[in-house]
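Only one structure is covered here, and it is reproduced in the block below.
Just so it is clear, the structure is predicted and the values come from calculations on it, not from any experiment. One-based numbering, in listed order, for ligands and for the atoms of each.
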Amino acid sequence: MTQPCRTALITGASVGIGRELAKLFAQNNHNLVLVARNAARLQEVAGDLERQFEVTAKAFPLDLTSSAAPQLLFDQLRRENIAIDVLVNNAGYGKLGAFTQIPYAESAGQIELNITALTHLTKLFLAPMLERKAGRILNVASTAGFQPER
Ligand SMILES: NC(=O)c1ccc[n+]([C@@H]2O[C@H](COP(=O)([O-])OP(=O)(O)OC[C@H]3O[C@@H](n4cnc5c(N)ncnc54)[C@H](OP(=O)(O)O)[C@@H]3O)[C@@H](O)[C@H]2O)c1
């Protein structure tokens with residue numbers, strides 16, 4: 001079997017679209033770094049993918065709404081000499097409802113995850129990709145972001 005030569009970092013990889021993307025990258029011979037808050041669920045996904053596809057899958061439990069989280073992740077991967085070839089900014093959500101009815105803390109958390117963490121991760125991981133002249137970034141979003149609000 002060909003040895004995996006690339007590593008994909010996928011946020012929000014414990015369930016849903018992120019987990020399916022992780023599976024596709026593993027199928028395509030990528031090692032994985034998987035991020036989400038729920039450590040047990042993330043570890044289970046990582047273990048399943050390692051067994052199924054003979055890749056390395058590292059579970060990295062982290063709350064990306066914490067402002068220190070992207071730098072912490074970047075620094076830790078550097079220490080472990082893990083270069084990221086593909087960054088998938090997938091973690092995110094949309095709270096449905098009237099703008100004035102959604103508490104500010106809820107909206108702020110959504111902005112921190114969907115926008116701030118995505119921007120910070122992209123800045124951090126893009127720089128070494130540009131140095132290597134190789135790399136890919138996939139930002140997962142929703143057309144719901146273009147829906148009019150009441
Ligand atoms: N589902 C849809 O119909 C749809 C349609 C269009 C676009 N999208 C977009 O696709 C992406 C994935 O959607 P999905 O429906 O698959 O989401 P989901 O099932 O709700 O999964 C969200 C993932 O993000 C993680 N996550 C949530 N908050 C986090 C945080 N603060 N820090 C780190 N990880 C966090 C969750 O794990 P933990 O809870 O363990 O942290 C989980 O792994 C989102 O960006 C969404 O906007 C979804």
> Passes side-chain contact (heavy atoms from CB on, under 4.5 Å), Met129 versus Leu87? Steps please.
Replying inline: CA-CA 10 Å; Met129 288 179 185; Leu87 167 64; 4.1 Å; yes
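With sequence neighbours excluded, the residues forming a side-chain contact (heavy atoms from CB on, under 4.5 Å) with Gln27 are Lys23, Leu24, Phe53, listed by chain and number. Scanning for salt bridge (Lys or Arg N to Asp or Glu O under 4.0 Å) contacts around Asp63 gives an empty result, with sequence neighbours left out. Applying the side-chain hydrogen bond (donor to acceptor under 3.5 Å, both in side chains) rule to Thr122 yields the partners Asn89; only residues at least two apart in sequence or on another chain are considered.
Near ligand 1, Gly12, Ala13, Ser14, Val15, Gly16, Ile17, Ala36, Arg37, Asn38, Arg41, Leu62, Asp63, Leu64, Thr65, Asn90, Ala91, Gly92, Leu113, Val140, Ala141, Ser142 each place a heavy atom less than 4.0 angstrom from the ligand.
For CG of Leu130, the number of neighbouring non-hydrogen atoms (other residues, nucleotides, ligands) closer than 6.0 Å is greater than 12.
With values rounded to the nearest 0.5 angstrom, Leu9 atom CG is found 5.0 Å from Ile84 atom CD1.
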